[in-house]
A.B. asks: 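Take a look at the following structure, please.
A, B, ... follow the sequence lines: proteins, then strands. Residue 1 opens every chain.
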Protein chains: 2
Amino acid sequence: MASKQQTSRKAAGTGAAIRRPETRAANGRADSGDTGDDIGLDALVGHAGYAVRRFQLWIFQDFIKTLATVDIRPTQYSVMTVIGANPGLSQMAVAKRLGIERARLVHLLDSLEERALVSRIQSATDRRSHALHLTGRGKTALAQFKRLAAEHERHVAEKIGKENREQLLQILASFT
Amino acid sequence: MASKQQTSRKAAGTGAAIRRPETRAANGRADSGDTGDDIGLDALVGHAGYAVRRFQLWIFQDFIKTLATVDIRPTQYSVMTVIGANPGLSQMAVAKRLGIERARLVHLLDSLEERALVSRIQSATDRRSHALHLTGRGKTALAQFKRLAAEHERHVAEKIGKENREQLLQILASFT
DNA sequence: ATCAATTGTTGTCGTCAACAACAATCTTTC
DNA sequence: GAAAGATTGTTGTTGACGACAACAATTGAT
């Protein structure tokens, strides 16, 4: 859209197998030829949003990795947890409770219903809404998910410290 | 994709003007007709990832709102901050430092270069890479952005408490 | 009975992370 | 010094996600 490239460059790279962030061979600086490993010195420290973003990224990746065997993502887990704790909720209620949109919840429930973990039951009192329930399979599955999620929480405790994790939960308790 | 709807329902709603989350008129439960306002009692408490996700959502929205007049998003701000503190960095170095992908940074720099805030200068030593600099306009603009970002940080402090914010920054310092 | 509001649904749009592939360009190695 | 490998910037695709807008069916209020 912009000026992009006035030069002749277009694209490049062999698509090498760089996987782990630890692997660093670049020099950093583009003009001065110093090592430039520790860029640091940024004014980014002191910004809560940046720290939280990086942490959220790490924590979600660990969650996904830890529950990869059961193929459950954080949002799916939260949906099943809320339904499991409050059977019969409407989609609207779940969406509002979790702060996600009705439209988004539709697809989430579609996939969970495909996998026979959740079932939408026609409400008796309100023919518009669905009463959400865990299936039998869903209940046993959620129990396993919770065990894996607990393992994930241990990873978090290892990463930032046990007491720091609890302090964090206390600080952010108003957002849950 | 899935079973979707076996019933005859298809779609509905007038798209009413529900904006603020405080507005709640739904009952919650779909079958039992109780009030069902406070769903709570979830097993979601104790999950760091969920709390962090909700908080990150809030903090980013406040950042975007606070810097709406200058039309700068959190990622754009972080890119300009790093370049401003370390002029001459390559795109690779900036991407690695901020934990974003090279591919993503390309578009970010495109938009910032469009607005004449950042300039890609051909490196003298490595003809592959670009040395990133803030333009004169970019420098003065970044100064204003930082003032607005400071205002945003005050919002965070008001939300979770001054000392809680500092504790949070300390806990998550290893991620910056 | 009429009109406004709610619920689930479909669709679009823009942001974002994760990959994969490529041309141009170093860097290494024989 | 030429060949092989790695790096940089770029383009493109995919999928998760949040934000809106619009709609049919249904409910509730008047």
A.B. asks: Can you tell me the distance, in whole Å, between the CZ atom of B:Arg104 and the P atom of C:dC19?
C.D. replies: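 In whole Å, C:dC19 P and B:Arg104 CZ are 16 Å from each other.
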
A.B. asks: Is any side-chain nitrogen or oxygen of A:Arg53 closer than 4.0 Å to OP1 or OP2 of C:dA17?
C.D. replies: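 It does, given that an N or O in the side chain of A:Arg53 lies less than 4.0 Å from OP1 or OP2 of C:dA17.
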
A.B. asks: Would you check if the distance from the ring center of B:Tyr77 to the ring center of B:Phe145 is below 6.0 Å?
C.D. replies: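 For B:Tyr77 and B:Phe145, the ring centres are not under 6.0 Å apart.
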
A.B. asks: Touch check for B:Glu101, heavy atoms < 4.0 angstrom, all strands: base, sugar-phosphate only, or nothing?
C.D. replies: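 Counting heavy atoms under 4.0 Å across all strands, the contact made by B:Glu101 includes a base.
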
A.B. asks: Take atom CD in B:Glu151; do more than 12 heavy atoms of anything else shown fall under 6.0 Å from it?
C.D. replies: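 Counting other residues, nucleotides and ligands, CD of B:Glu151 exceeds 12 neighbours.
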
A.B. asks: Any N/O pairs under 3.5 Å between the protein and nucleotides 27-30 of chain D? List them or say none.
C.D. replies:
unit_1: D:dT27; atom_1: OP1; unit_2: A:Arg127; atom_2: N; d: 3.1

A.B. asks: Answer with yes or no whether the hydrophobic clustering places A:Phe175 together with B:Leu169; edges join I, L, V, M, F, W, Y residues whose side-chain heavy atoms lie under 4.5 Å apart.
C.D. replies: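 No, because A:Phe175 and B:Leu169 fall into different hydrophobic clusters, even though each may have its own neighbours under 4.5 Å.
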
A.B. asks: Starting at the 5' end of DNA chain D and moving along, which residue's nearest nucleotide shows up first, B:Leu109 or A:Gln76?
C.D. replies: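 First, find each residue's nearest nucleotide; the 5'-ward one identifies B:Leu109.
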
A.B. asks: Distance check needed: D:dT11 C1' versus B:Gln91 CD, whole Å only.
C.D. replies: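 From B:Gln91 CD to D:dT11 C1': 13 Å.
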
A.B. asks: Using atom CZ of A:Phe63 as one end and atom C1' of D:dA16 as the other, report the distance to the nearest whole Å.
C.D. replies: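 For the pair A:Phe63 CZ and D:dA16 C1', the rounded distance is 14 Å.
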
A.B. asks: My understanding is that only one of A:Val79, A:Val82, A:Leu109 makes a side-chain contact (heavy atoms from CB on, under 4.5 Å) with A:Leu132; could you say which?
C.D. replies: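 Considering A:Val79, A:Val82, A:Leu109, a side-chain contact (heavy atoms from CB on, under 4.5 Å) with A:Leu132 is found only for A:Leu109.
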
A.B. asks: Between D:dA21, D:dA22, C:dA17, spot the one nearest the side chain of A:Leu57, thanks.
C.D. replies: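 So the side chain of A:Leu57 is nearest to C:dA17.
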
A.B. asks: Whole angstroms only, please: what is the CG-P distance between B:Leu108 and D:dT10?
C.D. replies: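 Distance, rounded to whole Å: 12 Å.
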
A.B. asks: B:His107 has an atom NE2; how far is it from atom P of D:dT10, in whole Å?
C.D. replies: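 Rounded to the whole Å, the gap is 10 Å.
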
A.B. asks: Within this structure, what is the CG-to-P distance between B:Asp110 and C:dC16, rounded to whole angstrom?
C.D. replies: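 Rounded to whole Å, this separation is 14 Å.
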
A.B. asks: Would you call B:Glu158 and B:Arg154 a salt bridge, using N to O less than 4.0 angstrom?
C.D. replies: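 No.
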
A.B. asks: Considering the options B:Leu89, B:Leu117, B:Leu112, B:Leu134, which one meets the side-chain contact (heavy atoms from CB on, under 4.5 Å) requirement together with B:Ile83?
C.D. replies: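 Passing option: B:Leu134.
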
A.B. asks: Of A:Thr75 and B:Ala103, whose nearest nucleotide on DNA chain D comes first from the 5' end?
C.D. replies: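 Nearest-nucleotide comparison on DNA chain D picks B:Ala103.
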
A.B. asks: Name the closest nucleotide to the A:Arg102 side chain, picking from C:dA17, D:dG18, C:dT9.
C.D. replies: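 Side chain of A:Arg102 sits closest to C:dT9.
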
A.B. asks: Which atoms form the tightest heavy-atom contact between A:Gln122 and A:Arg127, and what is the distance?
C.D. replies: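 Looks like NE2-O, 3.6 Å.
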
A.B. asks: Nearest whole angstrom, please: distance from the C1' of D:dG18 to the CD1 of B:Ile59.
C.D. replies: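 Roughly 17 Å, once rounded to whole Å.
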
A.B. asks: Want to settle it: does A:Gln61 or B:Arg73 sit nearer the 5' end of DNA chain C, counting the closest nucleotide to each?
C.D. replies: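 Nearest-nucleotide comparison on DNA chain C picks B:Arg73.
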
A.B. asks: Output the rounded distance in Å from CH2 (A:Trp58) to C1' (C:dA17).
C.D. replies: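 Checked: the CH2 to C1' distance equals 18 Å.
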
